[in-house]
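Note sheet for the following structure.
Throughout, residue positions are numbered sequentially from 1 according to the sequence presented.
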Amino acid sequence: MSKVELRAYTQALFAVQDEHAALDIVQDSMMKLTEKYADKSPEELLPLFQRIL
C-alpha cells in the first residue's frame, strides 16, 4: 500500500470507524479519480483525490 493510500485509509477509517467501509471508500474514491480526472497532471491528482475522499 502506498503512502497516499495508507493516509487515505487512515482518514476514512477515522471518519467511519469500520475497516471494510474505509477500504471501500478509498477504492471508490480512486475509481472516481481515474474515471473523471485521467487527463490531469500527476501534481493535480493528489489534491483532487483528497477532495473526492
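The side chain to side chain donor-acceptor pair (under 3.5 Å) analysis of residues 12-39, with sequence neighbours excluded, yields no pairs.
Residue Val16 is not grouped with residue Met31 when hydrophobic side chains (ILVMFWY) are merged at heavy-atom distances under 4.5 angstrom, including chains of intermediate members. Side-chain heavy atoms closer than 4.5 Å link hydrophobic residues (I, L, V, M, F, W, Y) into clusters, and following such links, possibly through other members, connects Leu23 to Leu53.
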For residues 6-13, please give each side-chain donor-acceptor pair under 3.5 Å, one per line with the distance, not counting sequence neighbours.
residue, atom, partner, partner atom, Å
Thr10, OG1, Leu6, O, 2.8

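A search for side-chain hydrogen bond (donor to acceptor under 3.5 Å, both in side chains) contacts involving Ser2 returns Glu5, not counting sequence neighbours.
Once rounded to the nearest 0.5 Å, the distance linking CD1 of Ile52 with CD1 of Ile25 reads 13.5 Å.
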